[in-house]
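Note that the structure is a prediction, hence the values are computed from the model and not measured. Below, each value reflects all heavy atoms present in this structure, side chains not excepted, and no hydrogens, waters or symmetry copies.
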Amino acid sequence: MRLPYRTREAEPPARRTPSDGSAVTRRRLLGAAGLLAVAGATGTRARPARAPAGDPPAGRGRPAVTAGQAVPAVSNARQCGLAGDGVTNDQPALQALVDALGAAYAADGLGRVIYCPPGEYSIRDAGTVWRSGVSLVGAGPGVTRFLLSNSGNRADPTPLAFFTTLQHGATRANHLTDCAFERFEIDGSRVLLAGYNVLAKGLGMQYMLRARFRDLYIHDTAASGLGCDFLQDTTIESVVAERCGRLNPGTNIGGAGFGIGIGGWGPVERLAIADCTALGNGTNGFFVELQKSWWTPPRGIRVVGCHAEGNYYGISDWGADGMTVSACTMTANLVAGYDVSAHGTTRVGGRGGIVTDCVIDRNVHHGVVIGNTPGRYALRGNRISANGCHGYLQYNLRTGDRRPAALMALDGNEIWDNGLDGIRADAATVDAALVDNRIEGNGRRAAAAASGGGRTVSYTAMSMVDKNARWLPDGHLGKWLRVGDQRAVVTGNTATELTLAPWRTGATTAWPTGTPSAGDRYSLPAAPPARAGVTLARPTDRPTIRGNRIWDSRARKTQTYGLWVTDSGTCVSGWVADNDLAGNGRAAVRFDTVPDGGRWRDNVGLA
């Protein structure tokens with residue numbers, strides 16, 4: 001019978017002593033297992049001890065717990081039943097070791113470490129249910145590798161470690177405490193399922209306190225790579241998640257590199273995600289998602305120095321309050337680099353967030369999309385450039401909160417070379433502030449419609465060439481290229497060549513049904529006639545638009561207007577002052593709806 005879970009808040013009993021009555025020290029415990037060398041892997045610098053000659057055969061290592069002896073602080077997995085040979089199923093031995101060390105932690109409150117030496121550890125046909133106080137440490141990604149597979153039980157999603165509310169009764173009172181996962185690789189490519197299963201993760205725990213995830217490489221999992229929820233006082237650091245969510249077609253929940261459910265600990269969840277990388281994952285590079293619509297959106301979540309590339313969305317805020325995102329790079333994501341919306345399962349957008357000092361560049365459609373939020377979101381000091389459609393788009397999904405967003409702020413950003421408008425409001429706002437931004441050379445999607453075929457036209461997996469073309473460089477940015485019944489998105493072009501986006505995340509081709517044949521006819525649509533630095537296309541009440549420079553410095557200008565109020569937009573009671581609107585392609589401003597009231601003064605280019 002498994003012992004109940006306990007947390008370190010409970011008073012631990014006195015430490016056990018050996019039969020000779022001498023005191024039990026950390027060094028004695030480490031020495032008893034012959035594992036002083038492992039202390040370096042857990043943060044203590046120690047000279048490695050000489051390992052015993054050879055590793056024990058699978059299943060013949062000494063047990064983790066021996067009657068009458070203290071449980072060691074560090075257990076060598078190879079000496080406790082795991083083979084690490086890539087062939088033997090090590091899951092039963094890992095589960096037994098986790099249970100034994102978890103029981104020891106429950107008894108004395110002392111955390112234990114499983115050290116997995118270099119090797120390939122096959123984890124087959126069942127996930128490992130984790131226990132409090134148990135940490136898993138390897139010798140490094142590419143050196144210690146966990147190979148997940150379910151060849152003998154195709155119905156089982158087989159995560160390396162999991163502990164969930166539905167399967168195991170995880171709650172705030174029954175949570176995992178003091179667990180670390182460090183310095184190893186998880187390969188999920190061998191997990192095959194009849195359909196998508198959200199549990200087919202690399203790591204999938206819920207309700208954790210003082211958890212640490214560090215120096216991991218997680219790749220090719222069927223669902224999210226690191227998909228853990230309700231992480232209090234937790235750090236995720238230097239983790240790479242690549243090609244995770246491979247069985248998610250983009251419409252199911254999960255399937256991200258890093259998928260973090262939030263709200264279970266109440267109004268504050270102290271979580272830091274730092275120096276992590278998400279590449280080519282099925283849905284998001286990173287998302288945080290409120291798990292119950294009636295829960296309070298939590299504060300305390302920070303994403304710092306991370307890189308999101310080639311995912312569906314780069315970084316998404318689906319229900320946090322005051323999430324801080326700084327010094328991150330979001331590039332080549334298929335929909336948007338940064339996303340605030342009601343895409344999450346509870347249809348709750350984030351609010352009160354701050355995005356600062358980030359590079360949001362060359363995403364296939366938009367740089368930043370923000371919607372379904374009550375407001376108070378700030379973007380400061382970011383570079384938002386060369387995205388296929390809009391640099392910044394304010395919009396609302398139909399399924400979430402559609403009230404006007406209040407107190408949105410864009411301050412001191414560099415917004416340039418985007419395919420359409422630099423900033424576009426396609427949802428109502430109140431008291432928005434656009435202050436001290438430099439918005440230059442947007443509207444790059446300026447090339448006329450084009451078509452062709454025949455001997456001058458050829459195709460590769462990610463490009464198309466028409467030797468007879470004379471296209472405006474990047475003039476087709478963000479357009480859909482149509483060839484027969486297929487279409488692909490243009491990510492850039494020279495005078496004769498189009499580069500294309502992959503048809504889905506992780507794909508190595510732009511063509512879902514195969515590369516077209518040389519000479520096949522193609523077509524490209526015309527550019528929209530108006531492409532502005534700032535476009536107000538919905539009711540905009542009491543905006544502050546001050547101190548911005550909005551212009552186009554190229555000989556052939558593509559940003560047609562500095563400020564455009566469309567026939568579906570308004571600008572009511574705005575403070576519009578000290579802006580430089582000179583130097584755009586057609587005019588400083590275009591008013592399809594005349595502004596109503598407010599204070600307009602000292603705007604260069606506007607009488």
Side-chain angles (χ1 to χ4, degrees), residues 332 334-336 362-367 385-391 393 395 416-424 426 440-503 509-533 535 537 552 554-562 564 566-568 584-587 590 592:
L334 297 194
V335 177
R362 296 189 179 277
N363 296 286
V364 174
H365 289 293
H366 308 290
S385 58
N387 300 288
C389 296
H390 304 292
L393 175 63
Y395 83 123
W416 44 269
D417 279 7
N418 297 288
L420 298 176
D421 306 322
I423 297 171
R424 184 179 181 92
D426 264 344
E440 188 267 333
N442 297 288
R444 297 304 304 277
R445 191 188 300 178
S451 61
R455 61 186 179 83
T456 65
V457 176
S458 60
Y459 300 88
T460 71
M462 300 295 289
S463 69
M464 189 210 79
V465 172
D466 185 346
K467 294 179 180 178
N468 280 347
R470 297 294 183 268
W471 295 318
L472 174 70
D474 282 344
H476 296 303
L477 178 63
K479 289 185 180 181
W480 286 99
L481 168 68
R482 294 184 179 273
V483 183
D485 59 356
Q486 296 194 86
R487 65 178 191 168
V489 182
V490 178
T491 59
N493 66 272
T494 65
T496 59
E497 182 176 8
L498 306 176
T499 57
L500 307 173
W503 75 274
T509 178
W511 313 103
T513 61
T515 304
S517 300
D520 282 357
R521 292 198 61 81
Y522 71 86
S523 64
L524 290 157
R531 305 169 303 276
T535 297
D552 193 331
R554 292 182 180 83
R556 182 171 180 177
K557 302 180 188 301
T558 60
Q559 186 169 286
T560 54
Y561 305 101
W564 177 25
T566 73
D567 55 4
S568 59
N584 290 283
R586 296 181 190 169
R590 173 176 167 176
D592 297 340

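Put simply, the residue from N418, D417, N493 that forms a side chain to side chain contact (heavy atoms under 4.5 Å, CB included) with R444 is D417. Between L393 and the options N387, L420, D426, a side chain to side chain contact (heavy atoms under 4.5 Å, CB included) holds for only D426.
A 4.5 Å side-chain heavy-atom check between L481 and M464 finds at least one atom pair inside the cut-off. At a threshold of 4.5 Å between non-hydrogen side-chain atoms, the residues K479 and R445 count as touching. L524 is listed as a side-chain neighbour of V490, based on a closest heavy-atom distance under 4.5 Å. Between L498 and W471 there is a side-chain heavy-atom pair separated by less than 4.5 Å. Between T566 and T535 the shortest side-chain heavy-atom distance falls below 4.5 Å. Y522 places a side-chain heavy atom less than 4.5 Å from the side chain of D466. For the pair P502 and L334, the minimum side-chain heavy-atom distance is below 4.5 Å.
Residue-environment remark: CZ (R590) exceeds the threshold of 12 foreign heavy atoms within 6.0 Å.
Taken to the nearest 0.5 Å, the CZ atom of R455 stands 9.0 Å off from the NZ atom of K467.
Using cut-offs of 30° and 60° on the angle between ring planes, the pair W511 and Y459 is perpendicular.
Taking the charged nitrogens against the carboxylate oxygens, D552 and R586 have no contact shorter than 4.0 Å, which rules out a salt bridge.
The closest donor-acceptor contact from the side chain of T491 to the backbone of T499 lies under 3.5 Å. Between the side chain of T560 and the backbone N or O of R531 there is at least one donor-acceptor pair closer than 3.5 Å. Under the 3.5 Å distance criterion, the side-chain polar atoms of Q486 are matched with a main-chain donor or acceptor of T513. Proximity of a side-chain donor or acceptor of T460 to a complementary backbone N or O of S463 within less than 3.5 Å is detected.
Here the closest non-hydrogen pair linking N363 and A332 is OD1-N, 3.4 Å. Residues A501 and M462 approach most closely at C-CE, 3.9 Å, considering heavy atoms. Across all non-hydrogen atoms, the minimal contact from L472 to A446 is CD2-CB, 3.9 Å.
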Kindly indicate, with the supporting measurements, whether the criterion side chain to side chain contact (heavy atoms under 4.5 Å, CB included) is fulfilled by W564 and R424. CA-CA 9 Å; W564 177 25; R424 184 179 181 92; 4.2 Å; yes

